[in-house]
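Before any comments, here is the structure.
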Number of protein chains: 2
Amino acid sequence: MPDFMYDGKVYYNPVEFAMDRIGGTWKIPILWRVKDQVYRYSELKRAIPHISDKMLTSQLRELQNDGFIHREVYAVVPPKTEYSITEKGKLAIPLVTAIRNFGIDLMEMEGVDVSHYGR
Amino acid sequence: MPDFMYDGKVYYNPVEFAMDRIGGTWKIPILWRVKDQVYRYSELKRAIPHISDKMLTSQLRELQNDGFIHREVYAVVPPKTEYSITEKGKLAIPLVTAIRNFGIDLMEMEGVDVSHYGR
DNA sequence: CAGTATACTTTCTAAAAGGTAAGTACCTTA
DNA sequence: TAAGGTACTTACCTTTTAGAAAGTATACTG
């Protein structure tokens, strides 16, 4: 597997590249909400337990820069911003679903209660 | 999404749980070799560019503790240890493949040369 | 009895990721 | 003119992840 560069960073393989775009603690939870609904900033904040303003803003900005979500700012006061998934973002959803299902499978094997998670 | 505990750690969702088992820089590259061949420690080291002894050992141990790979030690000198995938480990391969394919898709969209990666 | 081969193990360090808390900007409304 | 509501931004700190380099154990071989 040859290394390659993108945006000033060296990657060893495609998995690393993929995980650099949608990995981390918060990007998938964000995509998971936005996949079937438009959300305002404050709605995302409420919908995603434990997330801080700093992380919500930075991860939204990265997802936007990578083209996975769209940011619509309204010129009103108090401010209003809406986030929605893009066509490119929709391409990630089957994978997110697969990771989630795999996680549920593993949890089940370890005896973790999994009855809350729809399948 | 309710939080849950496993092995002394709090998780927010199944994706986090899954990524805690097979995520990080080195676990997937290891699984990717071992999926269709038995490897000795030194063979893995040679097969996975850039990996350090410390990371190779620690990630092998974690994958073993989580039941994804099997470790067979031979009582010879110099030492010989063989690593192979388990049935549980095989369950992860379709997901690993999916992540890899998604990464290749993204790279292609960004104009990264992708011709080396079999599909 | 020094050298070799293999599979680790340990220590120290650097970089990345993420948390907390406080602050900013803006216009409207009382 | 002060307060309120929303969407950030910034500074500082802690934790996690990974890298580099050196060391350990063992038995065979010349």
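Residue numbers begin at 1 in each chain, while the letters A, B, ... track the order of the sequences.
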Check: Should the pair B:Phe4 and B:Phe17 be assigned to parallel (<30°), tilted (30 to 60°) or perpendicular (>60°) ring geometry?
Finding: tilted
Notebook entry, point to check: How close or far is atom C1' of C:dT9 from atom NZ of B:Lys45, stated in whole angstroms?
Noted result: 13 Å
Notebook entry, point to check: Taking for each residue the nucleotide of DNA chain C with the nearest heavy atom, is it B:Lys80 or A:Val76 whose nucleotide lies nearer the 5' end?
Noted result: B:Lys80
Note to self: Closer than 3.5 angstrom, by distance alone: can the side chain of B:Arg33 be matched with the main-chain N or O of B:Leu44 as a donor-acceptor pair?
What the structure shows: no
Check: Quick one: does A:Asn13's side chain get under 4.5 Å of B:Arg100's, heavy atoms only?
Finding: no
Check: Got a salt bridge between B:Lys88 and A:Glu110, using NZ or NE/NH1/NH2 to carboxylate O under 4.0 Å?
Finding: yes
Notebook entry, point to check: Would B:Tyr12 and A:His50 count as a close aromatic pair, with their ring centres under 6.0 Å?
Noted result: yes
Next item on the list: Mind checking A:Tyr74 for me? I need base, sugar-phosphate or nothing, with any heavy atom below 4.0 Å counting as a touch.
Entry: nothing
Checklist line | Phosphate OP1/OP2 of C:dC8: any B:Arg61 side-chain N/O under 4.0 Å | finding: yes
Under 3.5 Å between N/O atoms: give me all the protein pairs with nucleotides 16-20 of chain C, atom names plus distance.
from   : atom 1 : to      : atom 2 : distance (Å)
C:dG18 : OP1    : A:Thr25 : N      : 2.8
C:dG18 : OP1    : A:Thr25 : OG1    : 2.7
C:dG18 : N7     : A:Lys54 : NZ     : 3.0
C:dG19 : OP2    : A:Trp26 : NE1    : 3.1
C:dG19 : N7     : A:Lys54 : NZ     : 3.2
C:dG19 : O6     : A:Lys54 : NZ     : 2.4

Next item on the list: Please work out if B:Thr57 contacts a base, only the sugar-phosphate, or nothing of the nucleic acid, heavy-atom cut-off 4.0 Å.
Entry: base
Item checked: Charged tip of B:Lys9 within 45° of B:Tyr11 ring normal and under 6.0 Å -> yes
Notebook entry, point to check: Can you find a side-chain donor-acceptor pair between A:Glu82 and A:Tyr74 that sits under 3.5 Å?
Noted result: yes
Notebook entry, point to check: Going from CG on A:Leu31 to CD1 on A:Ile93, what distance comes out if it is rounded to the nearest 0.5 angstrom?
Noted result: 5.5 Å
Checklist line | Terminal helix-axis angle for the helix from C:dC1-D:dG30 to C:dA30-D:dT1, with five pairs defining each axis and rounding to 10 degrees | finding: 40°
Next item on the list: With a 4.0 angstrom cut-off to heavy atoms of chain B, pull out the first and last contacting nucleotide of DNA chain D, in 5'-to-3' order.
Entry: D:dA18 to D:dA27
Notebook entry, point to check: Hey, does the Lys NZ or Arg CZ of B:Lys45 hover above the aromatic six-ring of B:Tyr41, less than 6.0 Å from the centre and inside 45° of the axis?
Noted result: no
Notebook entry, point to check: Under 4.5 Å between any side-chain heavy atoms of A:Leu60 and A:Arg71, yes or no?
Noted result: no
Next item on the list: Nearest-nucleotide wise, let me know which of A:Pro79 and B:Pro78 is further upstream toward the 5' end of DNA chain D.
Entry: A:Pro79
Note to self: Can you tell whether the side chains of B:Lys90 and B:Glu87 come within less than 4.0 Å, N to carboxylate O?
What the structure shows: yes
Notebook entry, point to check: Quick one: B:Leu60 CG to C:dA7 P, roughly how many Å, whole number?
Noted result: 11 Å
